[in-house]
Amino acid sequence: MPILFEPQNKVFHLYNRHQSYILQIVKDKYPAHIYWGKRVGTYNGCGSLLFLERGFSPNPYPYDRNFSLDWLPQEYPSYGNGDFRSPAVTVQREDGSVLSELYYRSYQITNGKPRLLGLPATYAADDEAQTLELVLYDRVTCLQLELYYTIFNNCDVITRWAVLKNRGTERLKLLRILSANVDFRDDAFDMLTLSGGYINERNVVKRPVLQGTQLVESCRGVSSPQENPFFALMRRDATEDYGEVYGFNLVYSGNFTASVQADQFHTARAAIGVNPFDFCWLLEPGGEFTAPEAVMVFSSNGLGGMSRTYHDVYRSNLCRGEYRDKERPLLLNGWEAFGFNFDENKILTYAEKASEIGFEMLVLDDGWFGKRTNDTCSLGDWECNSEKIPNGLSALSQTIKQKGLKFGLWFEPEAISEDSKLYRAHPDWCLHVGQRPYTEGRNQLVLDLSRTDVCRYIVGSVSSVLSASGIGYVKWDMNRHLTEIGSPLLPAERQRETAHRYVLGLYSVLEELTSRFPHVLFESCSGGGGRFDPGMLYYMPQTWTSDNTDAACRLSIQYGTSVVYPPVSMCCHVSDCPNWQTGRETPLATRGYVAMSGNMGYELDITKLSGKDTEEIKNQIKIYKEIRNTVQFGDFYRLLSPFEGEETAWIFVSKNQEKAVAYDFRTLAKPFAPITLLKLKGLNPGFRYKESETGEIFGGDELMNIGIAIAPESGDFTSRMWRLEKIG
Ligand code: DGJ
């Protein structure tokens, strides 16, 4: 039983093999946080909470000046009665007041994990997890708060979410409702975030936790490339492989907040949830609101241990559908090769060569619909452009299939061009605020997905293309952020619900389309990796990692992304040189190895390749098909960080440790560089491994303790690969 309740001291102990999460109901009212970390055998509720009188800390019980909410470590704090730190929930009453007193009432422990209404979330069978539900109640407003905690049996994951129900008669305004709050008893942490921007996604950024609030957020309507809905708290001595690390990741694709607040007593309040900025939800009597799930991971094996737990749980308990456990097809995308400039003949020539080289899927990117020959028009008109493709998509798809390739198509269903039939028919279907002018981004507006008619249109128009044309893959793009966030169908008091309703609308569309088309592989994209979050992964098991395909930049982008997201979810393409984003030349071998370090594909004009490059690409594809299972479904260990030097290295190890593939990359060549030893990780120390290229034999312990000697090579952006297989 991974959840124990000790009734005398009202202690809940959630545990599995490696971790314990303990909370206690204090004074029969307050759910207090006792501990989260390495597994402890028992906790009887006596030892760890001490109360002490402190100046300026108010006392809810005047006779007990030792007790104050000002420093009580709380599970889900609210505002107004003595806790001056940031609350997890704030509700405004009809009289304008925002005080709430949500006190413990009851609990329930169930096997498995309930679903979250209308929201993506991890899932677990009855024998995989247990869930604790704590019920809190405010007698004045008759608000019922349900706090959920699911602990997984076999991985160090606890997920949390909250549901607020209005059982009273007042119309309440929900101003803030976070998903998880953890009050650590000290603040000796560093905070790690994945920060960046367009074509520079998910840099590893680490800062010390200092008194005050350190916060990352998105106010862009999407999770965004600027900040990811994730942070880790690392003990100051924790490293990639050692020490305690706590990860927080929100299963949500819209505005979020993620923060750590260190207070006067050097405790740290970690919190994550929907961003309260520009958010206000009207909770009518009888109404309820579900806050998205936060996936929290504890690791006592450093950041690497945390990452592998996220990879495992996302691969097996978040991603869904036919492709969840399937090797992903090796695709060729036309975007960086010819942009909007193609026609049927060009595609067919391309397909012919693609099949010869060994590709498994051909993807037609932007420009196949409406009258789109550039980015100024036609978004919303999802009908084949008959000038470019005179025989129609279905015939094109048939011919491509005859060449042994699957056929994939690009869509940007959340967008609308002013120059489109759709806009002319429905000028009010985009997000907008009254008569105020629209702000365009990439010459386009955003459809108002808070409206059911708009969502129905998207499902209908995408479905008719998919059912008619034998499409096996969809790239779902989204190329701007939300402005003028308002919806004419909502009353004034609900306007600030629009951003969250947009996300709910998007999820309902994705739920419908992925269930209607279970055989289609969906890939999410937002100008690259601008919406790389677990919410999107629930519907689409892979994401276009970045529009930056420069191999040197990709090292950092893929390294940072791997902190949370599994390599199988990261689409990585080999593209042409000089690179279109950076103008840089990198060797084809290095571009190949960087792309092989994830879900590999290509994005260059294969009809223009030299004979030598064609042969090299054929060989890369052959290798990738051989290592694909290990890369996509094995364990991933980071060896050297591009954020700390000129060298990047990592290794993929199959779950049974019998196969491994390691890569080392050097960016700038150095004169008189030393010979270095690269120590591998994750191998079985007792196995003997043979390297496939050289035939050399190594012990697993030898590779991990002594390492592989690397002689410096001349030239910039060099790379090496070792493929290891157990022998004997
Ligand atoms: C942005 C994507 O990230 C690119 O890969 C490409 O699909 C373009 N949009 C097409 O407009």
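Both counts, for ligands and for their atoms, begin at 1 and track the order of listing.
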In a table with atom names and distances, give each donor-acceptor pair under 3.5 Å that connects a side chain of residues 589-601 to protein atoms at least two apart or in another chain.
unit_1: Thr590; atom_1: OG1; unit_2: Phe717; atom_2: O; d: 2.6
unit_1: Thr590; atom_1: OG1; unit_2: Ser719; atom_2: OG; d: 2.8
unit_1: Arg591; atom_1: NE; unit_2: Thr586; atom_2: O; d: 3.0
unit_1: Arg591; atom_1: NH1; unit_2: Ser575; atom_2: O; d: 2.6
unit_1: Arg591; atom_1: NH2; unit_2: Thr586; atom_2: O; d: 3.1
unit_1: Ser597; atom_1: OG; unit_2: Tyr593; atom_2: O; d: 2.8
unit_1: Ser597; atom_1: OG; unit_2: Trp650; atom_2: NE1; d: 2.8
unit_1: Asn599; atom_1: ND2; unit_2: Gln542; atom_2: OE1; d: 2.9
unit_1: Asn599; atom_1: ND2; unit_2: Val568; atom_2: O; d: 2.9

Can I get a per-line list of side-chain donor-acceptor pairs under 3.5 Å for residues 399-408, giving both atom names and the distance, sequence neighbours left out?
unit_1: Thr399; atom_1: OG1; unit_2: Ala395; atom_2: O; d: 2.8
unit_1: Lys401; atom_1: NZ; unit_2: Gly470; atom_2: O; d: 3.3
unit_1: Lys403; atom_1: NZ; unit_2: Glu352; atom_2: OE1; d: 2.7

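Relative to the ring axis of Phe342, Lys346 does not place its NZ or CZ within 45° and under 6.0 Å from the centre.
Side-chain rings of Phe340 and Trp335 approach one another, their centers coming within less than 6.0 Å.
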Find all protein N or O atoms under 3.5 angstrom from an N or O atom of ligand 1 and list the pairs with distances, or write 'none'.
unit_1: ligand 1; atom_1: 3 (O); unit_2: Gly528; atom_2: N; d: 2.9
unit_1: ligand 1; atom_1: 3 (O); unit_2: Asp547; atom_2: OD1; d: 2.4
unit_1: ligand 1; atom_1: 3 (O); unit_2: Asp547; atom_2: OD2; d: 3.1
unit_1: ligand 1; atom_1: 5 (O); unit_2: Lys475; atom_2: NZ; d: 2.7
unit_1: ligand 1; atom_1: 5 (O); unit_2: Trp544; atom_2: NE1; d: 3.4
unit_1: ligand 1; atom_1: 5 (O); unit_2: Asp547; atom_2: OD1; d: 3.4
unit_1: ligand 1; atom_1: 7 (O); unit_2: Asp365; atom_2: OD1; d: 2.6
unit_1: ligand 1; atom_1: 7 (O); unit_2: Asp365; atom_2: OD2; d: 3.3
unit_1: ligand 1; atom_1: 7 (O); unit_2: Trp410; atom_2: NE1; d: 3.0
unit_1: ligand 1; atom_1: 7 (O); unit_2: Lys475; atom_2: NZ; d: 3.0
unit_1: ligand 1; atom_1: 7 (O); unit_2: Asp477; atom_2: OD2; d: 3.3
unit_1: ligand 1; atom_1: 9 (N); unit_2: Asp477; atom_2: OD2; d: 2.7
unit_1: ligand 1; atom_1: 9 (N); unit_2: Asn479; atom_2: ND2; d: 3.4
unit_1: ligand 1; atom_1: 11 (O); unit_2: Asp366; atom_2: OD2; d: 2.6
unit_1: ligand 1; atom_1: 11 (O); unit_2: Arg442; atom_2: NH1; d: 2.8
unit_1: ligand 1; atom_1: 11 (O); unit_2: Arg442; atom_2: NH2; d: 3.0

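In terms of the ring pair (Phe, Tyr, Trp, His ring centres under 6.0 Å) criterion, His481 has no residue partners (sequence neighbours excluded).
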- Item | Verdict with supporting geometry, Asp477 and Asn479, side chain to side chain donor-acceptor pair (under 3.5 Å) | CA-CA 6 Å; Asp477 205 348; Asn479 281 300; 3.0 Å; yes
